Colleague: 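Pasting in a structure now, in structure tokens, and then I'll have a few things to ask.
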Amino acid sequence: MSVTLLFLGPLRDLAGEQEREVASPLDWAGLIEQVGPKIAAQLEDDRVNIACKGKVLADKRALIAEDGDEVALLPPVSGG
Amino acid sequence: MSVTLLFLGPLRDLAGEQEREVASPLDWAGLIEQVGPKIAAQLEDDRVNIACKGKVLADKRALIAEDGDEVALLPPVSGG
Amino acid sequence: MLATPLDVRLLEKGMSIGEALAAFNAAHEEAGGVVSFLGKVRPDGDVRALELTHYEPLTLPGMEELAANARTRFDLDGALVWHRIGVMNPGEAIVLVATAARHRRNAFEAADHLMDHLKSAAWFWKRERRDDGWHWIEPRDADRADLARWNSPRT
Amino acid sequence: MLATPLDVRLLEKGMSIGEALAAFNAAHEEAGGVVSFLGKVRPDGDVRALELTHYEPLTLPGMEELAANARTRFDLDGALVWHRIGVMNPGEAIVLVATAARHRRNAFEAADHLMDHLKSAAWFWKRERRDDGWHWIEPRDADRADLARWNSPRT
């Protein structure tokens with residue numbers, strides 16, 4: 001009964017790992033608790049998005065991930 | 001003792017020829033007289049330029065062409 | 001072979017720019033204007049390498065949506081949108097965009113628009129390796145300002 | 001081989017676009033951004049052919065001056081400015097412009113600037129052959145408005 005947390009870009013360095021399995025179900029409060037204070041502070045930034053099951057959440061605080069879901073933490077992007 | 005008049009672009013069609021030898025020296029009044037009323041009307045248009053010896057004249061009415069000079073009549077351009 | 005009207009790719013290896021543009025041009029023979037943009041890793045001070053990461057479920061679908069929107073907005077005959085991922089060295093291509101349209105202004109604006117969005121609104125994360133290690137890159141303020149232009153009412 | 005930093009040509013025959021752009025790209029490996037514009041004869045209604053005439057003493061020197069000005073104004077690493085003369089068929093290339101710069105905005109603006117000037121301020125005269133004969137083409141009002149943008153104070 002688990003959710004896969006994925007840390008993208010600079011969040012990977014902050015987390016010290018690329019992914020982690022956490023217990024399901026997982027909501028916003030549970031996520032904040034799981035990731036520790038440094039990443040929690042990042043998640044409060046409006047420019048940081050969360051995707052669940054490959055879709056970006058319009059309201060990340062409404063996160064509800066269930067068993068088998070992938071939750072990706074998406075910091076500000078930079079391409080090109 | 002002659003000047004070569006060159007008709008560029010649509011002026012070539014109006015003139016019915018690409019170039020013509022006329023007597024030197026040639027000034028603005030002489031040019032207007034040589035080219036006939038249709039081309040003269042074009043030359044009065046500010047968008048029509050005159051080059052003498054390969055240089056565009058800042059003031060075309062100050063034209064003074066001498067023996068051997070080439071005078072080019074340059075209608076509005078369209079490239080690219 | 002290129003897909004038409006839109007050819008959108010994530011590439012794990014280098015691209016042959018001349019061949020890609022020749023093929024794009026041939027695929028859009030009826031377009032009056034074709035614009036391309038090629039972005040390369042700049043040999044900038046002590047930058048030794050650049051790495052681009054992506055997120056599979058979002059990155060390519062986002063690029064495809066971007067290309068489709070640009071096609072409609074700028075009335076394009078077609079577009080090519082190729083973006084590298086992985087590690088690149090100075091001088092290597094990062095991104096290649098090409099747009100074909102009836103009129104040149106549309107082709108120019110579409111290429112400009114695609115690049116501004118790939119730079120600051122597509123799902124990529126970029127870092128550079130310098131003498132003292134890897135550094136994550138965020139869009140510059142200028143990049144954000146470039147992107148904001150496209151949200152103003154069109155003039 | 002391309003001349004650097006500026007390669008300016010009048011061409012009496014067709015050009016190989018892919019090769020030209022690959023060579024330009026290779027010649028400017030250090031540039032972060034390379035923009036190109038390719039203008040082609042549009043198969044437009046009954047247009048059968050297009051002819052561009054020039055005036056030898058003015059046309060190429062004018063293009064060279066235009067390229068040199070653009071290089072300074074937009075801080076270019078280099079530019080390619082090739083323009084066809086003579087008779088062309090629908091689908092054939094008329095003009096190829098490429099610009100290389102450190103930053104993409106400069107490369108985009110320089111290519112745009114070069115095209116606006118080639119279109120309305122370079123020594124070319126263009127005519128089209130349609131079913132009912134040859135017709136001289138003047139710049140459209142839109143072309144003149146495009147050109148005028150570059151004379152406003154830069155923002």
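Naming convention: chains lettered A, B, ... in sequence-line order (proteins, then strands); numbering from 1 in each chain. None of the values given here were measured: they were computed from a predicted structure. Hydrogens, waters and symmetry mates are skipped; everything else that's a heavy atom, side chains included, is used.
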Colleague: As an exercise: rank D:D112, D:V97, D:V41, D:V95 by heavy-atom pairs under 4.5 Å with chain C and give me the winner.
Modeller: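 Top option by heavy-atom pairs under 4.5 Å: D:D112.
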Colleague: Are there more than 12 heavy atoms of other residues, nucleotides or ligands under 6.0 Å from atom CD of D:E29?
Modeller: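 No, CD of D:E29 has 12 or fewer neighbouring heavy atoms, counting only those of other groups under 6.0 Å.
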Colleague: Take a 6.0 Å sphere around CD of D:E64 and say whether it holds more than 12 heavy atoms from other residues, nucleotides or ligands.
Modeller: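 More than 12 within 6.0 Å, yes.
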Colleague: If we define contacts as heavy-atom pairs under 4.5 Å, which of D:L21, D:I17, D:D116 has the most with chain C?
Modeller: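 Option with the top pair count is D:D116.
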Colleague: C:H103 versus D:R140: any side-chain heavy-atom pair under 4.5 Å?
Modeller: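 Yes, close enough: below the 4.5 Å cut-off.
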Colleague: Determine, for D:R105 against C:D143, whether the closest basic-nitrogen to carboxylate-oxygen distance falls under 4.0 angstrom.
Modeller: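 So D:R105 does not pair with C:D143 through a salt bridge.
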Colleague: Quick check on C:D146 against chain D: is it the side chain, the backbone, both or neither that has a heavy atom closer than 4.5 Å?
Modeller: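 Contact with chain D involves the side chain of C:D146 alone.
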Colleague: Which heavy-atom pair separates C:A31 from D:R42 by the least distance, and what is that distance?
Modeller: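 Nearest heavy atoms, C:A31 then D:R42: C-CG, 4.4 Å.
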Colleague: Is C:L38 close to D:N25 at the side-chain level, that is, under 4.5 Å between some pair of heavy atoms?
Modeller: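 Yes, their side chains come closer than 4.5 Å.
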Colleague: Please check: side-chain N/O of D:K40 versus main-chain N/O of C:V34, any donor-acceptor pairing under 3.5 Å?
Modeller: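 No, D:K40 side chain to C:V34 backbone: no donor-acceptor pair under 3.5 Å.
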Colleague: What part of D:E19 gets within 4.5 angstrom of chain C, counting heavy atoms only: side chain, backbone, both, or neither?
Modeller: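 It is neither, since no heavy atom gets under 4.5 Å.
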Colleague: Is the distance between the ring centroids of D:F108 and C:F108 less than 6.0 Å?
Modeller: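 Ring centres of C:F108 and D:F108 not closer than 6.0 Å.
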Colleague: Using side-chain heavy atoms (C-beta onward) and a distance below 4.5 Å, is D:K119 in contact with C:R104?
Modeller: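 SC-SC contact between D:K119 and C:R104 confirmed.
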Colleague: Report the option among C:A107, C:G32, C:G18 that has the most heavy-atom pairs separated by less than 4.5 Å from atoms of chain D.
Modeller: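 That would be C:G32.
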Colleague: Most heavy-atom pairs under 4.5 angstrom with chain D, which of C:A22, C:A142, C:A111?
Modeller: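 Answer, by heavy-atom pair count under 4.5 Å with chain D: C:A111.
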